[in-house]
Protein chains: 4
Amino acid sequence: MTDESKPIPTRVSDPQLVEQRRRQIVKAAVDLFVEKGFHKTTTREIAKASGLGIGTLYEYVHSKEDVLYLVCAYIHGEMKQRLDDVMGGKERGRELLVASVRHFFACVDDLQDYVLLIYQETKSLPPDQLKLVLRQEEEITHLFVNILERGRADGSLSLAADSVKLFAHNIVILGQMWTFRRWALRRDYTLEQYTEKQTSLLLQEICPSPLRTGHEKGEF
Amino acid sequence: MTDESKPIPTRVSDPQLVEQRRRQIVKAAVDLFVEKGFHKTTTREIAKASGLGIGTLYEYVHSKEDVLYLVCAYIHGEMKQRLDDVMGGKERGRELLVASVRHFFACVDDLQDYVLLIYQETKSLPPDQLKLVLRQEEEITHLFVNILERGRADGSLSLAADSVKLFAHNIVILGQMWTFRRWALRRDYTLEQYTEKQTSLLLQEICPSPLRTGHEKGEF
Amino acid sequence: MTDESKPIPTRVSDPQLVEQRRRQIVKAAVDLFVEKGFHKTTTREIAKASGLGIGTLYEYVHSKEDVLYLVCAYIHGEMKQRLDDVMGGKERGRELLVASVRHFFACVDDLQDYVLLIYQETKSLPPDQLKLVLRQEEEITHLFVNILERGRADGSLSLAADSVKLFAHNIVILGQMWTFRRWALRRDYTLEQYTEKQTSLLLQEICPSPLRTGHEKGEF
Amino acid sequence: MTDESKPIPTRVSDPQLVEQRRRQIVKAAVDLFVEKGFHKTTTREIAKASGLGIGTLYEYVHSKEDVLYLVCAYIHGEMKQRLDDVMGGKERGRELLVASVRHFFACVDDLQDYVLLIYQETKSLPPDQLKLVLRQEEEITHLFVNILERGRADGSLSLAADSVKLFAHNIVILGQMWTFRRWALRRDYTLEQYTEKQTSLLLQEICPSPLRTGHEKGEF
DNA sequence: CATGAATGAGGTTTCATTCAT
DNA sequence: GATGAATGAAACCTCATTCAT
């Protein structure tokens, strides 16, 4: 579930070596893709930046698209890993939500180029791998579903059952929007301001009552 | 506002003919780009689908990227045109907002492939044209800024001044999300349901009081 | 003999108009060819610089190579015309030679770009037209043959009969060398110096005796 | 002197292989350029005639112009190599001059198509490479400068100091003229006759006295 | 007679991938 | 297991020429 449930075949047998070399490849490719886009990046550039020969690259990967998939998986892995840090908290749903939104937004800011990359290049994946990437995307959304459910369970959040998923999507997309529309948002808001305002708006939608309790200090 | 402000040079002098041929080109290219992506579409495919020879194509366009720009401009044009139909209403801000959100979401649904295209291929534009496309994107956001301001002015909407822009962006991104995440949302919601729920959530954030008035009828 | 003994066919009947239009074309093409070379100049550039539509250009010319031929013919015409001014003198052969060499070198300097053009692009002509151009080139050489013969006849020049043609070629090539090797010669000599030195060397080869008579004043 | 001083970059690392492949390329290209000219020769023709795939060609060369440069350098190399054979003699300047002129003319005859090629296609080189080719051309001229200086030093030649360079240029151009104007010269002279006559004329210009000594035997 | 839109063959160059070493 | 030279399909784009108006 959490690992690369689609083991890309290799001509190399030692799995540890495969792991290591692929890390090299992904590290190099991610930056190249961010800088020039998937299509304008050549396999030779990837090989060179990986410190591998082009022939060696193809020992660990079957096609350029495999590299893209590896990159997407890596990015989701990074994101998931960072999110898992906070998601496991013991607070009530509502406090957890606030904390996790803040954390999520910070992650998106941190990985903004990567987030953008996923949205822009994902369509170049072959259908099978595309499906896997979308599933990973969905897992992230599901993290928020869980948090929202906890809030509904402990009464700290008031939200119709059939709106939970949607709300989770909203959270995710509002986070990603920070990168999609950074050309506009950055002119008007800092990440801090952005996070605070969005959190405030979100809470208005789902706080039982009274609104804005506990946030007067502007700590988020 | 209506002028393209970046007249792509042509080798053909008759402006009417240019207009017509470019329409052909865009009509053909849009679908190809949607289907295969910008990079995997060849200029010859565009020419053939346009009913033009490859040489003729290049009489009306200087590069493949010009076609992409034309396509982006066309898409924004379509979007703007449809939106302008409704945005001019005389209602109070709040009613206008509800109507325009509904309309906007419908447009996004209508043009979903196009909206996706813009997000995915825009980065392949040369910097100058990229800037123009972003400006057009911003204009759409601004439509909602205007509506929100009207609502603030007539007292039908309650929203901090420095949140107006952000809220407008939220509306837009929530609309576009219908296409970005259709692989997930379609499984759980129809456009109707999606629109109603999102509108409801949005209103909760900015309705002066009391909440949820007038929605019981399910009119949106 | 002196006119374009190969009348390029036209779709236009009025000969005066043909003449005029072709003058336009040649005037424009010569400079373009000099600047960018024959192959890198497009017919459309020629048409535009001629003040004609591309279609009109082809009313007066059958191919791009025709234009090149016209240009070569024009250049030779220019050269011939200037040379004829002096060649008709009544002096003794020797004085006439000195004067005509000086004049020829000055012409070459004047038309240096054109002279270069002939040497560099002539090979792009179709065989028939190439032959005509070479014949014109030969005519120039023949001017000097005539002068040398006069000098032999009147005793002012001493030169073996079977060296006359060669010597004429030498004169021509030494003149053209001023343009071929201008990147080297210009660093060391002015046209004046170049002319004087070359004349002096040439005369040493063919003056009966004593050497260097009458040129001490350095007037050439 | 022997180094190419402008190493064209390659995608291939083994310098020996590069050397070998480029020899193949040049060998093929030279003849094609001679036959059809630079512009009318296609890169694919060059590749095929080299026995390489088009892709392979571009592993060793960055552009068609690079091929032209390689060809020019090769031609100059050939010329220089042949000339160096004789230039190193121990004779007096005058005898050396006669021998080297004869040798040079023979070389030009031998490489006539190549010499022509240089004059006609050199202008298609990018500026930097053009400069290098002109420098190589100048080096050839300089060989004769050296010989003339030796003759001046040992008293076997009489020539003003400031005419040395010019005279060297004259020798070179008279040699090259054998190819430029072969369409005319071949009709009247064999290479032997041409060489003898030109040598005789040249010597008249710079032999201290008495003129025409030692040529009666027709030894050159 | 003038025009210029239309055409498509063909040019140069790139690049993902393979396979012998 | 590592390498990189070889490959050729295919990409983008140009341009001489024609022909209907």
Side-chain angles (χ1 to χ4, degrees), chain A residues 10-14 17-18 21 39-48 51-67, chain B residues 10-14 17-18 21 39-48 51-67, chain C residues 10-14 17-18 21 39-48 51-67, chain D residues 10-14 17-18 21 39-48 51-67:
Chain A
T10 316
R11 229 175 269 110
V12 176
S13 53
D14 176 5
L17 187 55
V18 171
R21 291 276 184 266
H39 287 285
K40 295 214 171 156
T41 301
T42 69
T43 51
R44 285 217 270 245
E45 285 172 314
I46 297 170
K48 172 168 283 181
L52 303 174
I54 180 67
T56 312
L57 177 70
Y58 274 86
E59 294 281 314
Y60 296 94
V61 136
H62 266 32
S63 68
K64 198 185 167 189
E65 272 135 10
D66 272 0
V67 177
Chain B
T10 318
R11 224 171 267 110
V12 175
S13 47
D14 176 9
L17 186 57
V18 171
R21 290 276 182 268
H39 287 285
K40 295 215 171 156
T41 302
T42 69
T43 50
R44 274 207 268 255
E45 285 172 316
I46 297 171
K48 174 167 286 183
L52 303 175
I54 181 65
T56 311
L57 176 69
Y58 276 89
E59 293 280 304
Y60 294 94
V61 137
H62 265 37
S63 67
K64 199 184 166 190
E65 273 144 6
D66 272 359
V67 177
Chain C
T10 316
R11 228 175 271 109
V12 177
S13 51
D14 176 4
L17 186 56
V18 171
R21 290 276 185 264
H39 287 285
K40 296 214 171 155
T41 301
T42 68
T43 51
R44 284 215 270 242
E45 286 172 313
I46 297 171
K48 171 169 286 182
L52 302 175
I54 181 65
T56 312
L57 177 69
Y58 273 85
E59 294 281 315
Y60 295 95
V61 133
H62 265 31
S63 69
K64 199 185 166 191
E65 273 134 10
D66 273 359
V67 177
Chain D
T10 316
R11 222 171 267 111
V12 175
S13 47
D14 176 10
L17 186 56
V18 170
R21 290 275 182 269
H39 287 286
K40 294 214 172 156
T41 302
T42 69
T43 51
R44 275 204 269 255
E45 285 171 316
I46 297 171
K48 175 167 286 182
L52 302 174
I54 182 65
T56 312
L57 175 69
Y58 275 88
E59 293 280 304
Y60 294 94
V61 135
H62 264 36
S63 67
K64 198 184 167 192
E65 273 146 5
D66 273 359
V67 177

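First the proteins, then the strands, lettered A, B, ... as listed; each starts at 1.
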**Q** Rounded to the nearest Å, what distance is computed from the NZ atom of residue D:K48 to the P atom of nucleotide F:dA6?
**A**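 About 19 Å, once rounded to whole Å.
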**Q** How many whole angstroms separate atom CG of B:L57 from atom C1' of E:dA5?
**A**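 For the pair B:L57 CG and E:dA5 C1', the rounded distance is 14 Å.
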**Q** To the nearest Å, give me how far apart CD1 (D:I46) and C1' (E:dT12) are.
**A**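 For the pair D:I46 CD1 and E:dT12 C1', the rounded distance is 11 Å.
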**Q** If the condition is side-chain hydrogen bond (donor to acceptor under 3.5 Å, both in side chains), which residues does C:S63 pass it with, not counting sequence neighbours?
**A**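 C:S63 satisfies side-chain hydrogen bond (donor to acceptor under 3.5 Å, both in side chains) with no other residue.
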**Q** What pairs with D:H62 under ring pair (Phe, Tyr, Trp, His ring centres under 6.0 Å), at least two apart in sequence or on another chain?
**A**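 Ring pair (Phe, Tyr, Trp, His ring centres under 6.0 Å) check on D:H62 returns nothing, list empty.
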**Q** Produce a footprint string for nucleotides 13-21 of chain E: one letter per nucleotide, 5' end first; B if the base is under 4.0 Å from any protein heavy atom, S if only the sugar-phosphate is, - if neither.
**A** BBBBBB---
**Q** Can you give the dot-bracket line for DNA chain E, where a pair is Watson-Crick or G-U wobble with both atom distances under 3.5 Å, crossing pairs use [ ], and | marks a partner on another strand?
**A** .||||||||||||||||||||
**Q** Show the nearest heavy-atom pair for residues D:I54 and D:A47, with the distance to one decimal.
**A**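 Shortest heavy-atom contact: CA-CB, 3.8 Å.
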**Q** Roughly how many Å is it from CD in D:E45 to P in E:dA9, rounded to a whole number?
**A**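 So the CD-P distance, D:E45 to E:dA9, works out to 18 Å.
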**Q** Which residues satisfy the salt bridge (charged side-chain N to carboxylate O under 4.0 Å, His left out) test with C:E59, sequence neighbours excluded?
**A**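 For C:E59 the salt bridge (charged side-chain N to carboxylate O under 4.0 Å, His left out) partners, ignoring immediate neighbours, are C:R11.
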**Q** Using the test salt bridge (charged side-chain N to carboxylate O under 4.0 Å, His left out), find all partners of C:K40 that sit at least two apart in sequence or belong to another chain.
**A** D:E65
**Q** Of all residues at least two apart in sequence or in a different chain, which pass the side-chain hydrogen bond (donor to acceptor under 3.5 Å, both in side chains) check with D:T10?
**A** D:R22
**Q** Could you work out, with side-chain contact (heavy atoms from CB on, under 4.5 Å) as the rule, every residue matching A:V61, not counting sequence neighbours?
**A** A:D66, A:V67, A:L70
**Q** May I have the distance from D:L17 (atom CG) to F:dT3 (atom P), rounded to whole angstrom?
**A** 18 Å
**Q** Taking only residues two or more places apart in sequence, or in another chain, which ones meet B:T41 in a side-chain hydrogen bond (donor to acceptor under 3.5 Å, both in side chains)?
**A** none
